[in-house]
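Being a predicted model, the structure only gives us computed values, none of them experimental.
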Amino acid sequence: KCDLWSIGVIAFILLSAYHPFDPLGDATDDEIWERISRCDYNFGDPAWDNVSASAKDFVSKLLVHDPKRRMSAEEALQHPW
C-alpha cells in the first residue's frame, strides 16, 4: 500500500504542478514530515479548479494516512478516473 501512497503523491503533482505537502515549495523536511503525518493537503489551490471530481476522488483515496483505509492497487485499477 505504500506504493499506492506514492502514486497518490505523483498524481497530485501531475494534476496540480505542486507537491501536496509542500505547496509553496519552501517547507523544511521537518515541516513536510509533519504535514505528511497529519495527511495535511487540500484541493483549495486554483490549480484544481479545472480538475475533475473523479480525479480528485482518485487522489484523495490514495492519500489516506491509514494503509488499511487506503485504496488497494486492484481498487485503483477499477476507479472510474
Side-chain angles (χ1 to χ4, degrees):
K1 293 254 184 146
C2 66
D3 291 337
L4 279 294
W5 173 273
S6 299
I7 290 169
V9 171
I10 292 166
F12 188 105
I13 293 168
L14 290 172
L15 291 166
S16 67
Y18 67 92
H19 194 284
F21 304 108
D22 188 10
L24 300 178
D26 62 355
T28 66
D29 287 348
D30 288 340
E31 290 170 329
I32 293 170
W33 282 114
E34 178 63 29
R35 290 176 187 155
I36 290 169
S37 69
R38 293 190 323 257
C39 209
D40 181 14
Y41 73 93
N42 65 66
F43 301 119
D45 189 273
W48 290 96
D49 290 351
N50 294 315
V51 175
S52 71
S54 183
K56 292 176 193 175
D57 182 66
F58 181 77
V59 170
S60 67
K61 288 181 177 173
L62 292 171
L63 293 182
V64 174
H65 195 266
D66 181 357
K68 293 175 187 168
R69 293 182 38 234
R70 190 176 307 142
M71 191 164 44
S72 69
E74 186 173 330
E75 291 168 328
L77 287 170
Q78 299 302 317
H79 192 278
W81 187 69

same_hphob_cluster(Val64, Ile36) at 4.5 Å side-chain heavy-atom cutoff: no

Treating Asp22 as the side-chain partner and Ala27 as the backbone partner, does any N or O pair qualify as donor plus acceptor under 3.5 Å? yes

Note: Phe58 and Ala76 closest approach over all heavy atoms is CE1-O, 3.8 Å

Restricting to salt bridge (charged side-chain N to carboxylate O under 4.0 Å, His left out), what partner residues turn up for Asp45, sequence neighbours left out? none

From CG (Asp30) to CZ (Arg35), nearest 0.5 Å: 11.5 Å

Between the OG atom in Ser37 and the CD1 atom in Ile32, the distance rounded to the nearest 0.5 Å is 12.0 Å

Val51 versus Lys56, closest heavy-atom pair with distance: O-CE, 3.4 Å

Got a sec: does the CG of Asp66 have more than 12 other heavy atoms crowding it under 6.0 Å? yes

So with a 6.0 Å cut-off around NZ of Lys1, is the heavy-atom count from everything else above 12? yes

Rounded to the nearest 0.5 Å, what separation is found between the CZ atom of Arg70 and the NE2 atom of His65? 8.0 Å

In chain order, what residues pass the salt bridge (charged side-chain N to carboxylate O under 4.0 Å, His left out) check against Glu34, with sequence neighbours excluded? Arg38

Report yes if some heavy atom in the side chain of Ser54 is under 4.5 Å from a heavy atom in the side chain of His79; otherwise report no. yes

Output a table of donor-acceptor pairs, distance under 3.5 Å, between side-chain atoms of residues 3-14 and any protein atom two or more places apart or on a different chain; print 'none' if there are none.
unit_1: Ser6; atom_1: OG; unit_2: Cys2; atom_2: O; d: 3.3

Within a strict 4.5 Å, meaning less than it, do heavy atoms of the Pro23 and Tyr41 side chains meet? no

